[in-house]
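First up is the structure itself, then whatever we jot down about it.
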Amino acid sequence: MILEGKVALVTGSTSGIGLAIAKALAAEGAKLMINGFGDPTAIERECEELGALHDGADMSKPHEIERMMKRCADELGGPDILVNNAGIQHVSPVEGFPPDKWDAIIAINLSSAFHTTRLAVPAMKEKKWGRIINTASAHSLVASPFKSAYVAAKHGIAGFTKTVALETATSGVTVNCISPGYVWTPLVEKQIPDTMKARGMTREQVMNDVLLAGQPTKQFVTVEQVAALALFLCRDEAAAITGANLSMDGGWTAA
Ligand code: NAD
């Protein structure tokens, strides 16, 4: 198992992409701290399956992030692998975009990665090994209407990734982001009703004419595909990949 002895912290790992990444890392022997909201019984089951600890820190709150990072260091001795994945979405034209949703998206999708990263980097540098993987999005490279906060946050995390990669380049630490196109997860499912309203479309029209319209493969990306790439980035063979924004979007950003 390639991650024996490594500690991984995956934010937003009670669902979707984060959960799949947590499973892939645990399957290779990493000791896991998972994070995110959800049904306590389901979270407990996930912890048992993965041999993981759960921390319910709210990624919009810097002091909770600081507490979680300290707990991860004290109880697990890590993280060696940090996956900044927690994210939310809100779909609305900019003139009606609720300011509190803007603030929440910037805090959870962008600023939380700053806080976890600034707290994780010193120990990674000391150990001369570390992996920081940010779940960005095709929206870190291109925009879509009605997603101003999300697109701003994702473009932001792509820039943040590059900057930290340069700062850690000689330390054995790599920093990359993965940019999926549409992945079939609760986050995507939940935005269908708002997009129907914003664009005056049926559910089928949103699926085919909005979500998969720009994805040339006409297939949703799977969470397992994203997890497999995250796992590859943890391998020693991936030591030369840093500062990269790796697209996994069925050709979306090639068009
Ligand atoms: P999801 O809704 O299935 O999972 C989101 C996770 O984040 C959950 O575990 C949730 O509890 C957690 N979370 C939300 N708010 C939080 C907070 N304040 N504090 C702590 N945890 C919080 O979504 P997903 O589709 O798996 O998305 C995961 C990441 O992938 C996000 O950053 C998202 O932007 C990105 N992404 C998703 C897609 C897609 O099509 N699904 C595409 C590109 C990028």
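Keep in mind the model is a prediction, meaning the values are calculated, not measured.
Separation of atoms OG (Ser60) and CD1 (Ile105) is listed at 12.0 Å; rounding is to 0.5 Å. One distance of note links CG of Leu229 with CD1 of Ile21; it measures 8.5 Å at 0.5 Å rounding. A distance of 5.0 Å separates NZ in Lys147 from CD in Gln89, rounded to the nearest 0.5 Å. To the nearest 0.5 Å, atoms CE (Met59) and NE2 (His115) are separated by 10.0 Å. With rounding to the nearest 0.5 Å, the separation of OG1 in Thr195 from CE in Met207 is 12.0 Å. Remark: Ile65 CD1 to Cys72 SG distance equals 13.5 Å, nearest 0.5 Å.
For Lys128, the NZ atom sits in a loose shell: 12 or fewer heavy atoms of surrounding residues, nucleotides or ligands are nearer than 6.0 Å. Residue-environment remark: NZ (Lys162) stays at or below the threshold of 12 foreign heavy atoms within 6.0 Å. Enclosure of atom CD in Glu189 by more than 12 non-hydrogen atoms of other residues, nucleotides or ligands within 6.0 angstrom is indicated. Atom CD of Glu75 has more than 12 heavy atoms from other residues, nucleotides or ligands within 6.0 Å.
Taking both residues in full, the closest heavy atoms of Gly16 and Thr185 are given as CA-CG2, 4.0 Å, listed atom of the first, atom of the second, then distance. Nearest approach of Asn176 to Thr242, heavy atoms of both residues: OD1-CA, 3.2 Å. When all heavy atoms are compared, the tightest approach of Thr11 to Ala86 is OG1-N, 3.0 Å. Residues Val151 and Ser144 share a closest heavy-atom pair of CG2-N, 4.0 Å. In terms of heavy atoms, His139 sits closest to His155 at O-ND1, 2.9 Å. Of all the heavy atoms in Thr161 and Cys177, the pair that sits closest is CG2-N, 3.6 Å.
Judged by distance alone, with hydrogens and angles left aside, the side-chain atoms of Glu4 form no donor-acceptor pair with the main-chain N or O of Met1 at under 3.5 Å. When atom types are taken as modelled, the side chain of Arg131 and the backbone of Ala230 share no donor-acceptor pair closer than 3.5 angstrom. Distance alone, capped at 3.5 Å, is enough to place a donor-acceptor pair between the Gln215 side chain and the Gln219 backbone. Checking side-chain atoms of Lys154 against main-chain N and O of Ala138 turns up no donor-acceptor pair under 3.5 Å.
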**Message:** Evaluate Trp102 against Ser148 for side-chain contact (heavy atoms from CB on, under 4.5 Å), listing each step before the verdict.
**Reply:** CA-CA 8 Å; Trp102 172 277; Ser148 52; 4.1 Å; yes
**Request:** Under the side-chain contact (heavy atoms from CB on, under 4.5 Å) rule, what do Met68 and Leu9 come out as? Steps first, then yes or no, please.
**Result:** CA-CA 10 Å; Met68 176 184 74; Leu9 169 61; 3.9 Å; yes
**Prompt:** Between Ile133 and Cys234, does a side-chain contact (heavy atoms from CB on, under 4.5 Å) hold up when you go through it step by step?
**Reply:** CA-CA 9 Å; Ile133 301 166; Cys234 296; 3.9 Å; yes
**Request:** Begin from the C-alpha positions of Asp249 and Ser179 and carry the test side-chain contact (heavy atoms from CB on, under 4.5 Å) through to its verdict.
**Result:** CA-CA 7 Å; Asp249 62 8; Ser179 285; over 6 Å; no
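Pairs of residues two or more places apart, or lying in two chains, that qualify as ring-ring contact (aromatic ring centres under 6.0 Å, His included) and include a residue from residues 51-99 are His90-Phe97. Among residues at least two apart or in separate chains, ring-ring contact (aromatic ring centres under 6.0 Å, His included) pairs with a member in residues 162-201 are Tyr182-Trp252, Trp184-Phe220.
Taking the salt bridge (Lys or Arg N to Asp or Glu O under 4.0 Å) definition, one finds that Lys70 meets it with Asp74, sequence neighbours left out. Taking Leu119 as the reference, Glu66, Met69 meet the side-chain contact (heavy atoms from CB on, under 4.5 Å) condition, with sequence neighbours excluded. In terms of the ring-ring contact (aromatic ring centres under 6.0 Å, His included) criterion, Trp129 has no residue partners (sequence neighbours excluded).
Side-chain contact between Leu3 and Leu231 is present, with heavy atoms from C-beta onward closer than 4.5 Å. Proximity of Gln205 to Val210: side-chain heavy atoms (C-beta onward) are nowhere separated by under 4.5 Å. Contact check for Val164 versus Val173: no side-chain heavy atoms found under the 4.5 Å cut-off. Residues Met124 and Thr168 have side chains not in contact (no heavy-atom distance under 4.5 Å, counting atoms from C-beta outward). Residues Val7 and Asp80 are in side-chain contact: their nearest non-hydrogen atoms beyond the backbone lie under 4.5 Å apart. Between Val183 and Met248 there is no side-chain heavy-atom pair separated by less than 4.5 Å. Two residues are said to be in side-chain contact when any heavy atoms from C-beta on lie closer than 4.5 Å; Leu233 and Thr174 fail this criterion. Looking only at side-chain heavy atoms (C-beta outward), Val226 and Val221 come within less than 4.5 Å of each other.
There is no path of hydrophobic side-chain contacts, each under 4.5 Å, that joins Leu19 to Val188. Cluster membership for Leu82 and Val10, using ILVMFWY side-chain heavy atoms within less than 4.5 angstrom, is not shared. In this structure, Val83 is not a member of the same hydrophobic cluster as Leu110, with clusters built from ILVMFWY side-chain heavy atoms closer than 4.5 Å. Follow the hydrophobic side-chain contacts under 4.5 Å out from Ile241 and you reach Ile178 in the same cluster. Under a hydrophobic clustering in which Ile, Leu, Val, Met, Phe, Trp and Tyr are joined whenever their side-chain heavy atoms come within less than 4.5 Å, directly or via other members, Phe160 and Ile132 fall into the same cluster.
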Report, one line per pair, each donor and acceptor closer than 3.5 Å where one atom sits in a side chain of residues 25-38; sequence neighbours left out.
{"unit_1": "Glu28", "atom_1": "OE1", "unit_2": "Ile2", "atom_2": "N", "d": "3.0"}
{"unit_1": "Asn35", "atom_1": "OD1", "unit_2": "Gly12", "atom_2": "N", "d": "3.0"}
{"unit_1": "Asn35", "atom_1": "ND2", "unit_2": "Asp55", "atom_2": "O", "d": "3.0"}
{"unit_1": "Asn35", "atom_1": "ND2", "unit_2": "Ala57", "atom_2": "O", "d": "2.9"}

